[in-house]
Amino acid sequence: MSRMLFPNLPVKDLARAKTFWTTLGFTFNPQFTDDNAACLIVNEQACVMLLREEFWATFTKKPLPDRQATTGVFLAFSCESRAEVTQMVEMALANGGAPASPSQDHGFMFGWSFTDPDGHHWEPFWMDPSAVQPT
């Protein structure tokens with residue numbers, strides 16, 4: 001069985017979050033998007049649920065994390081090229097994101113980090129397909 005993945009992230013302003021991710025080239029699944037949540041499509045098997053903070057809080061008794069002071073999750077996703085990584089981070093920074101970590105170039109792999117307007121830590125990365133050994 002192939003499993004789908006749906007991380008759920010709290011956001012202060014759902015409309016702002018949707019605009020941010022749309023600007024970066026992502027789309028949303030309208031079937032799972034309403035006034036409380038938006039389903040950000042990463043690929044056919046992975047989506048990220050962006051939940052208004054008040055709605056997110058209904059799923060747990062734990063307090064809302066302070067995303068400006070701590071990192072609870074680090075979300076990495078692949079890009080097709082180094083240029084796409086750079087473009088993605090530059091677009092994020094120009095549209096309300098903030099720098100998280102400097103770029104890292106390991107030759108066969110290149111990554112760069114940003115935080116979205118809600119403080120969630122993201123890292124687009126590229127890896128040379130020839131460097132991945134078959135299992």
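What you see is a predicted model; the values in this text were computed from it and never measured. Counting from 1, the numbers follow the sequence of the chain as shown.
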Listed partners of Arg82 passing salt bridge (Lys or Arg N to Asp or Glu O under 4.0 Å), at least two apart: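 Only Asp105 meet the salt bridge (Lys or Arg N to Asp or Glu O under 4.0 Å) criterion with Arg82.
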Near Glu44 CD, under 6.0 Å, is it more than 12 heavy atoms from other residues, nucleotides or ligands?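 Check fails, neighbour count at 12 or below.
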In this structure, are over 12 heavy atoms from other groups packed under 6.0 Å from Asp35 atom CG?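 No, not enclosed.
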Over all heavy atoms of both residues, which pair between [X] and [Y] is shortest? Give the atoms and the distance, please.
X: Thr33; Y: Ala38; value: OG1-CA, 3.6 Å
X: Phe6; Y: Cys39; value: CE2-SG, 4.3 Å
X: Phe20; Y: Ala92; value: CE1-O, 3.5 Å
X: Trp126; Y: Cys79; value: CD1-O, 3.7 Å
X: Ile41; Y: Phe26; value: O-CD2, 3.3 Å

Got a salt bridge between Glu53 and Arg67, using NZ or NE/NH1/NH2 to carboxylate O under 4.0 Å?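 The answer is yes: the pair qualifies as a salt bridge.
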Can we say Arg16 and Asp118 salt-bridge, meaning some charged N sits less than 4.0 Å from an Asp/Glu carboxylate O?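 Yes, Arg16 and Asp118 are salt-bridged.
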Give a yes-or-no answer on whether the side chains of Asp116 and Trp122 include a donor-acceptor pair shorter than 3.5 Å.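 A pair is found: one side chain offers a donor N or O, the other an acceptor, under 3.5 Å apart.
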For the pair His121 and Phe74, name the ring-plane relationship: parallel under 30°, tilted 30 to 60°, perpendicular over 60°.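 His121 and Phe74: tilted rings.
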Just say parallel, tilted or perpendicular for the rings of Phe108 and His106, cut-offs at 30° and 60°.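 Rings of Phe108 and His106: tilted, as their planes differ by 30° to 60°.
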Glu84 side chain vs Glu80 backbone, donor-acceptor pair below 3.5 Å: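 Such a contact is found between Glu84 side chain and Glu80 backbone.
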